[in-house]
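Keep in mind that the numbers below use all heavy atoms, side chains included, and drop hydrogens, waters and symmetry copies. Labels below follow one simple rule: chain letters A, B, ... track the order of the sequence lines, proteins then strands, and each chain is numbered from 1.
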There are 2 protein chains.
Amino acid sequence: MNAHSVHAQITDRLRNVGLRPTRQRVDLASLMFVGEDHHMTAETLHRDASSAGVSVSLATVYNTLHQFTQVGLLREIVVDSGRSYFDTNTSEHHHFYFEDKGVLEDISSADVVLAELPDAPAGSKISRVDVIVRVTEA
Amino acid sequence: MNAHSVHAQITDRLRNVGLRPTRQRVDLASLMFVGEDHHMTAETLHRDASSAGVSVSLATVYNTLHQFTQVGLLREIVVDSGRSYFDTNTSEHHHFYFEDKGVLEDISSADVVLAELPDAPAGSKISRVDVIVRVTEA
DNA sequence: ATAGCTGCAAATGCTTTGCAAGGCC
DNA sequence: GGCCTTGCAAAGCATTTGCAGCTAT
C-alpha cells in the first residue's frame, strides 16, 4: 500500500462521513488511522503531527478530534477529569487505565463480561456502558 | 439526634482520620454526611454551603474534598472531563450518569455483576474498577 | 508556641471561541 | 464564488498554588 492509496482511502473515508478532506484533516487522519488502533489526547496528537512534519494548529486538532468523534470515526474515553482521550477503536470494548502514567490500553471484550446490568431509569435509555479498570504500579 | 451530637460525631470522625476539626471542615462535613448518601462537585458543595449560611472559600472546598477523599471519607468519580464528582458512598458500587443533566446516581452493587475481569498487566495491580452506565433522555 | 489551615488572588492547564484569511467544491 | 475550515490569539472554566494571617492543640 503506497502513499498515494493511503491518501485516497483517507479522502474517501472523510467524504463518506460528510467531512471535507482538507489538508489538515487528511494529515491527522493519516496519523491516526495508519497502523494499529491507539489512544491519544489532543496534545499527543498535536505533538505527533509536529514530529511528522505536519503543521496543524492545536485548535484544529481539537476541532478535528470532536468532528471525528461525532461522525463515529473516533470514540471518546473519560478516565481523567482534566484531559480527554480518544480511541481509534470504536467497537465495543473496555479499558485499563494506568493511573501513574496516564496511559490507556484496550481490554479485549472477551475479558470483561457484565453478567448483570440494571435497566435504564424510567424516561432514559442507556447510551453506553464504560468499564474502566484502574491500575497502579504493583 | 440534636445539633450538638452531630457536631461531636463529625469532630470525632475527623480526628479519627487524622484531620483537625476546623470550623470549615466540620461545617462542610455536616453538609455532606447528614442525610442520605449523595454526589457533589466542588461547585455544588460551595453553593450548598452558601445557602446554609456557611462561609467557606472555594479553594478550601477543593482542599477539603481532596483531603476527605485521601482519607477515605469520600470517593471521587470520573464521568466528565472538566468536572470532578465526589460520592459520600465509599462502598463498592457503580453509577448511572445522566449525560443530559450532568447528574450521577448510584446503582446498587447487586445490579451490576462483572462475571469476568482481566488480570492486571504484569507489574501492576488493580486499584479499582469503575462501571459507568451512561444514559440519555429516552 | 507551633504546626497545620484558610482565604485571597494570581497562576495553571486544558479546551473553546471569535473572527479574518484561506481552501475545497 | 460561496461556504466551510483554519489559525491565531484571546477568553473560558475548573482547579491548583503561593503566601500572609489565623487557629486548633
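- Nucleotide dA14(D) holds its C1' atom 14 Å from the CG atom of N63(B), rounded to whole Å.
- Checking the phosphate oxygens (OP1, OP2) of dC13(D), no side-chain nitrogen or oxygen of R83(B) falls inside 4.0 Å.
- Mapping S55(B) and R20(B) onto DNA chain C via the closest heavy atom, the residue that lands nearer the 5' end is R20(B).
- One interatomic measurement links the two molecules: CZ of R23(A) to P of dG7(D), which rounds to 6 Å at whole-angstrom precision.
- The 5' end of DNA chain D is approached more closely, in terms of each residue's nearest nucleotide, by T22(A) than by the other of T22(A) and S81(A).
- Taking the ring centre of F96(A) as origin, the terminal cationic atom of R134(A) falls outside the region bounded by 6.0 Å and 45° from the ring axis.
- With rounding to whole Å, D80(A) atom CG is found 14 Å from dT16(D) atom C1'.
- Residues R75(A) and D130(A) are paired through a salt bridge, judged by an N-O separation under 4.0 Å between the basic side chain and the carboxylate.
- If you look at H66(B) and F86(B), their ring centroids are closer than 6.0 Å.
- Of the side-chain N and O atoms in T60(B), none sit less than 4.0 angstrom from OP1 or OP2 of dT6(C).
- Mapping S84(B) and R15(B) onto DNA chain D by nearest heavy atom places S84(B) closer to the 5' end of the strand.
- One can place CG of D27(B) at 15 Å from C1' of dG7(C), the figure rounded to the nearest angstrom.
- Side-chain N/O atoms of Y62(A) include none lying less than 4.0 angstrom from OP1 or OP2 on dT16(C).
- The side-chain contact (heavy atoms from CB on, under 4.5 Å) with V129(B) is formed by just one residue from the set I132(A), V112(A), V133(A); it is V133(A).
- Taking atom CG of L28(B) as the reference point, atom P of dC5(C) lies 14 Å away to the nearest angstrom.
- H66(B) comes within 4.0 angstrom of sugar-phosphate atoms only, judged by non-hydrogen atoms across all strands, and of no base.
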